[in-house]
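Accompanying notes for the structure given below.
Just so it is clear, the model here is predicted, and its values are computed rather than measured. All ligand and atom numbering here is 1-based and tracks the order in the structure. Starting from 1, each residue takes its place in the sequence as its number.
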Amino acid sequence: MKVLIVGSGGREHALAWKISQSKKVKELYCAPGNEGTKSIAQNVDMREKDIKSLADFAARESIDLTVVGPELPLTLGIVDEFEKLGLKIFGPNKNAAELEGSKVFARQFMERHKIPSARFKVAESQKRAKEILGSDEFSYPLVVKADGLAAGKGVIICDDREKAEAAVNLIMVEKKFGDAGDIVVIEEYLTGKEVSFIVITDGLKVVPLVTTMDHKPVYNGDKGPNTGGMGAISPSPFIDKELFEEIMYAIVFPTVTRMLEEGRRYKGVLYVGLMLTGAGPKVLEYNCRFGDPETQPQVLRMQSDLVDILLSAVEEDLLGKEIKWSSKPSACVVVASGGYPQKYEKGKLIEGLKEVSEMPGITIFHAGTKSQYDEYYTDGGRVLGVCGSEKTLTTTMEKIYKAVSGIHFENMHYRTDIGLIRE
Ligand code: AMP
Ligand code: GLY
């Protein structure tokens with residue numbers, strides 16, 4: 001089989017690593033891929049949002065399966081584009097990807113089908129947003145969100161009315177997030193522990209992935225601004241069997257079934273961001289893709305052939321399929337550039353990478369690197385994911401942190417408390 005992976009981050013390197021181990025796969029391409037995917041796949045110089053060029057490439061090369069990493073091409077309709085040409089592609093089509101692409105659609109969908117989530121109001125103008133903020137509908141803090149995709153930044157938590165009006169202004173008037181801010185959602189602030197829950201579905205049958213826990217804030221102790229994720233462990237210490245069942249029955253199954261009933265069959269990865277509130281789990285957001293960095297520890301534990309599962313989802317044939325997992329825990333520590341998650345530095349020489357890559361039990365996924373004359377340089381906010389899987393979480397973290405201490409570049413930073421569980 002010929003497989004194409006779309007995307008360029010640590011998640012896509014991890015997917016390529018796992019997919020390259022499938023006996024079915026004879027040729028693997030990544031578009032555009034990264035320095036890490038170069039050694040296991042052929043990188044193709046195409047941007048992930050050029051969905052027409054990607055479809056033409058896949059048709060020309062007779063690609064048997066395309067796997068999409070990031071949300072942007074999915075919300076732009078890459079699946080529809082490929083399907084028009086009769087090409088197999090893993091991910092939701094444009095209509096189904098609205099679950100991530102439009103916060104208004106997602107919230108109204110959950111309201112229609114009584115899927116537990118935050119109370120909300122939609123405002124299509126600044127005037128309406130001000131009216132809502134002026135009523136006593138919500139207490140503070142509340143959350144103001146741009147409707148569309150805003151690279152994970154369109155969510156503003158506001159402590160008082162002044163800050164909420166400023167947030168509306170930023171999104172709707174200054175257009176900080178472009179067209180994503182034509183409409184805003186104003187919603188209740190949920191408190192509790194935040195967890196994510198990730199499954200693969202063919203639109204009817206659901207195969208859950210092993211649970212994970214992301215570490216979003218940039219500093220130890222969950223301090224500082226949110227990032228895409230500074231590290232992840234698997235399994236999640238906060239999702240026991242009972243909660244797992246509750247999430248499946250109250251949230252995941254109804255989401256998949258109601259999407260089908262609404263004529264938006266959802267095929268691909270469904271990633272549900274949840275808040276474990278006093279009144280049970282409630283949905284914060286849906287993502288229509290694998291997590292980054294959650295995928296990294298997940299593929300380390302996956303014993304089944306990922307290509308089989310992805311193909312079964314595309315072919316609507318997941319019934320009776322399951323994924324076998326190693327019982328050993330796994331983890332990923334993200335090494336980031338100076339400045340990340342704000343404006344960050346690039347072009348710093350990375351030392352020690354070759355030696356650390358050869359340490360037994362350590363797997364390194366590249367996220368933002370560039371190579372030149374046999375040396376690696378930083379080229380992104382998140383630079384590397386250093387991963388491992390040992391008998392216990394403690395030994396896993398010891399091994400990973402030993403590896404991380406062998407890597408160095410100017411102003412490199414990482415959290416030293418990944419996998420340290422606090423209640
Ligand atoms: P979203 O992109 O909607 O998941 O929002 C990004 C982050 O903002 C989430 O991971 C939460 O930490 C936070 N967040 C979003 N919505 C809410 C909410 N209604 N209550 C509390 N926190 C929220
Ligand atoms: N790590 C968070 C995400 O993938 O959305």
Side-chain angles (χ1 to χ4, degrees), residues 7 9-12 14-15 68-72 74-75 99-107 110-111 116-121 138-159 164 167 171 177 180-181 184-198 209 211-218 222-234 236 269-279 281-298 331-334 336 340-341 365 367 381-382 385 415 418:
R11 165 184 53 206
E12 286 76 22
L15 290 171
V68 186
E71 62 278 12
L72 182 63
L74 292 166
T75 57
L99 267 191
E100 176 165 4
S102 164
K103 299 209 186 275
V104 172
F105 172 77
R107 283 277 175 255
M110 289 182 265
E111 184 178 56
S117 80
R119 251 184 337 107
F120 71 98
K121 277 268 169 330
F138 299 97
S139 55
Y140 288 91
L142 54 70
V143 189
V144 178
K145 296 183 173 181
D147 176 40
L149 284 188
K153 300 197 177 74
V155 173
I156 306 175
I157 294 165
C158 311
D159 293 328
I171 296 173
F177 310 108
V184 294
V185 178
I186 297 171
E187 65 185 44
E188 166 197 18
Y189 178 73
L190 300 174
T191 53
K193 185 155 284 302
E194 197 174 332
V195 300
S196 39
F197 197 86
I198 307 170
L209 300 188
T211 61
T212 54
M213 177 188 171
D214 191 9
H215 296 61
K216 283 189 183 179
V218 66
D222 283 344
K223 300 274 173 354
N226 265 356
T227 69
M230 292 299 288
I233 60 171
S234 175
S236 164
V269 173
L270 181 66
Y271 171 135
V272 192
L274 297 160
M275 194 68 93
L276 303 180
T277 72
K282 293 190 176 181
V283 180
L284 287 172
E285 62 163 346
Y286 291 111
N287 292 320
C288 58
R289 49 162 180 82
F290 286 102
D292 189 351
E294 292 92 325
T295 303
Q296 288 80 319
Q298 284 174 329
C332 170
V333 171
V334 170
Y340 178 77
F365 295 122
R382 293 190 287 182
R415 280 181 59 163
I418 305 296

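Counting only heavy atoms from C-beta outward, the side chains of C288 and L99 never approach each other to under 4.5 Å. Residues P116 and K282 are in side-chain contact: their nearest non-hydrogen atoms beyond the backbone lie under 4.5 Å apart.
Under the rule for a side-chain hydrogen bond (donor to acceptor under 3.5 Å, both in side chains), T212 has no partner lying at least two apart in sequence or in another chain. Under the side-chain contact (heavy atoms from CB on, under 4.5 Å) criterion, D292 pairs with R11, Q296, R382, not counting sequence neighbours. The side-chain contact (heavy atoms from CB on, under 4.5 Å) search around E188 returns A118, R119, F138, L190, not counting sequence neighbours.
For ligand 1, the polar-atom distance check against Y189 finds no nitrogen or oxygen pair separated by under 3.5 Å. The shortest N or O to N or O distance between L190 and ligand 1 is under 3.5 Å.
Here atom 12 (O) of ligand 1 lies nearest to E194 when heavy atoms of E187, E194, R107 are compared. Looking at T277, V155, L284, it is L284 that brings a heavy atom closest to atom 17 (C) of ligand 1.
Under a 3.5 Å cut-off, the side chain of H215 and the backbone N or O of G231 do form a donor-acceptor pair.
Within the listing of ligand 1, atoms 3 (O), 15 (C), 16 (N) sit less than 4.0 angstrom from a heavy atom of K145. Those atoms of ligand 1 with a heavy atom of K103 less than 4.0 angstrom away are 1 (P), 2 (O), 3 (O). Every atom of ligand 1 with a heavy atom of K216 under 4.0 Å away is listed here by number and element: 10 (O).
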**Item:** side-chain contact (heavy atoms from CB on, under 4.5 Å) between E100 and L149, worked out
**Value:** CA-CA 8 Å; E100 176 165 4; L149 284 188; 4.0 Å; yes
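Nearest approach of C158 to A167, heavy atoms of both residues: SG-CB, 3.8 Å.
With a 4.0 Å cut-off on non-hydrogen atoms, E188 touches ligand 1 through its backbone and not its side chain.
A salt bridge is absent between D147 and R107: the closest approach of a Lys/Arg side-chain nitrogen to an acidic carboxylate oxygen does not fall below 4.0 angstrom.
Listed by chain and number, D214, G228, Y271, N287, R289, G291, D292, P293, E294 each place a non-hydrogen atom less than 4.0 angstrom from ligand 2.
The CG atom of L274 sits 9.0 Å away from the CD atom of E194 when rounded to the nearest 0.5 Å.
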